[in-house]
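What follows is a set of notes on a single structure, which appears directly below.
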Amino acid sequence: MPQPRLDNRSRGLTLVELVLALSITALVGAGIAAMLTAVSYGTSSEKDLRTLVVKHKTTDARQSAAIRSSKMVLDQGADFMVLWTADLNGSGLPNLLEIRRIEYDSGTNELRSYETDFPDSWSQATIDAANAEYQFTDDFGAITSALTSSSLFPMSLWATDVIGWTVTLDNADPQQASLVSYRVTLQTGSMSDVTVNASALRN
């Protein structure tokens with residue numbers, strides 16, 4: 001008696017069909033992974049860009065305000081600038097209470113400001129020392145550098161992730177300058193950007 005033939009529709013997958021199915025599944029999985037990576041990268045880049053914009057605006061505002069409210073550039077170097085903020089006592093000469101140092105530390109990528117805040121706890125002797133007047137021929141770079149490690153001249157951190165900072169004056173003699181140009185390069189994550197601006201002193 002002849003045996004009935006099996007219907008082709010009831011047979012199992014061949015090896016070729018199985019490999020093809022696995023290959024298609026792998027391609028779909030790789031496509032999904034690539035899409036998720038792209039979305040994640042895009043989100044991270046947008047966040048870095050927003051952070052970078054905020055840092056630039058904050059840093060620029062601080063520098064511009066400090067320069068525009070100052071009377072004179074007392075000294076300037078590759079990584080610092082010393083400003084005479086105001087002649088508070090009308091003596092015509094700067095003292096520690098009237099000086100600000102802006103400094104860039106390339107080792108820590110920080111932009112800092114140093115300025116006396118005149119705390120109530122100061123003794124009369126300390127106040128008198130802070131009121132001691134400097135001559136315009138003094139080395140303000142060295143004087144303020146030495147004071148940065150003392151409580152008389154506390155530090156304010158203006159910006160982090162600063163990978164470049166330069167200052168250019170419109171006069172070879174800092175004390176004769178009236179315009180201060182500065183260039184700041186900030187980095188956040190994989191993104192970096194440069195801000196170039198200029199501010200006039202109020203002299």
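Taken together through direct or relayed side-chain contacts under 4.5 Å among Ile, Leu, Val, Met, Phe, Trp and Tyr, L186 and M191 form part of one hydrophobic cluster. When the side chains of ILVMFWY residues are joined at heavy-atom separations under 4.5 Å, either directly or via intervening members, V184 and V53 end up in a single hydrophobic cluster.
Alongside L179, the hydrophobic cluster contains no other residue (criterion: ILVMFWY side chains under 4.5 Å).
Residues satisfying the ring pair (Phe, Tyr, Trp, His ring centres under 6.0 Å) criterion with Y104, sequence neighbours excluded, are absent altogether. A search for side chain to side chain donor-acceptor pair (under 3.5 Å) contacts involving N89 returns S91, not counting sequence neighbours.
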Verdict with supporting geometry, Q176 and V73, side chain to side chain contact (heavy atoms under 4.5 Å, CB included):
CA-CA 8 Å; Q176 298 299 316; V73 178; over 6 Å; no

Can you list the steps and then say if S64 with S199 is a side-chain hydrogen bond (donor to acceptor under 3.5 Å, both in side chains)?
CA-CA 6 Å; S64 180; S199 295; 3.1 Å; yes

With side chain to side chain contact (heavy atoms under 4.5 Å, CB included) as the criterion, how do M81 and V180 come out once you've worked through the C-alpha distance, each side chain's angles and the decisive distance to 0.1 Å?
CA-CA 10 Å; M81 176 172 59; V180 180; 3.9 Å; yes

Does the side chain to side chain contact (heavy atoms under 4.5 Å, CB included) test come out yes or no for I99 and L74, once each step is laid out?
CA-CA 9 Å; I99 290 176; L74 293 170; 4.0 Å; yes

Can you check side chain to side chain contact (heavy atoms under 4.5 Å, CB included) on T195 and T59, steps first, answer last?
CA-CA 9 Å; T195 291; T59 306; over 6 Å; no

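Within the 4.5 Å cutoff, no side-chain heavy atoms of V82 are placed close to those of R100. Between V196 and S181 there is no side-chain heavy-atom pair separated by less than 4.5 Å. Looking at T148 and M155, their side chains never come closer than 4.5 Å, going by heavy atoms from C-beta outward. Within the 4.5 Å cutoff, no side-chain heavy atoms of K57 are placed close to those of V54. Using a 4.5 Å heavy-atom cutoff, the side chains of L93 and Q135 are in contact. Between Q76 and L169, the closest side-chain pair of non-hydrogen atoms falls below 4.5 Å. You'll find the side chain of T144 stays beyond 4.5 Å of the side chain of E103, heavy atoms only.
Closest approach of L88 to L97, counting heavy atoms only: CD1-O, 4.0 Å. Contact between R202 and A86 at its shortest, heavy atoms only, is NH2-CB, 3.2 Å. Among all heavy-atom pairs drawn from G141 and D75, the shortest one is N-OD2, 2.9 Å.
Between the N109 side chain and the T160 main chain, no donor and acceptor come within less than 3.5 Å of each other. For D87 (side chain) and G90 (main-chain N/O), a donor-acceptor pair under 3.5 Å exists by modelled atom type. A donor-acceptor distance shorter than 3.5 angstrom exists from the side chain of D173 to the backbone of Q175, with no hydrogens or angles considered. The backbone N or O of A66 sits less than 3.5 Å from a side-chain atom of S69, completing a donor-acceptor pair. Distance alone, capped at 3.5 Å, places no donor-acceptor pair between the N95 side chain and the A132 backbone.
The OG atom of S150 sits 10.5 Å away from atom OH of Y114, with the distance rounded to the nearest 0.5 Å. The line from CD of E115 to CD1 of I102 is 9.5 Å long, rounded to the nearest 0.5 Å. Atom OG1 of T85 sits about 11.5 Å away from atom CG of L201, to the nearest 0.5 Å. Note: M72 CE to L83 CG = 11.0 Å, rounded to the nearest 0.5 Å. Atom OG of S113 and atom CZ of F153 lie 7.5 Å apart (nearest 0.5 Å).
Inspection of the S106 and D79 side chains reveals no N or O donor paired with an N or O acceptor under 3.5 Å. A donor-acceptor pair shorter than 3.5 Å can be found between the side chains of W165 and Q63.
By the neighbour-count criterion of 12 heavy atoms within 6.0 Å, atom CZ of R183 is sparsely surrounded, having that number or fewer from other residues, nucleotides or ligands.
Annotation: cation-pi pair R101/F80 present, NZ/CZ under 6.0 Å from the ring centroid and within 45° of its normal.
Ring pair F136/W84: centre-to-centre distance below 6.0 Å.
Just one residue in the list D60, T168, T166 forms a side-chain hydrogen bond (donor to acceptor under 3.5 Å, both in side chains) with Y182, and that residue is D60.
A salt bridge links R112 with D105: at least one charged nitrogen is closer than 4.0 Å to a carboxylate oxygen.
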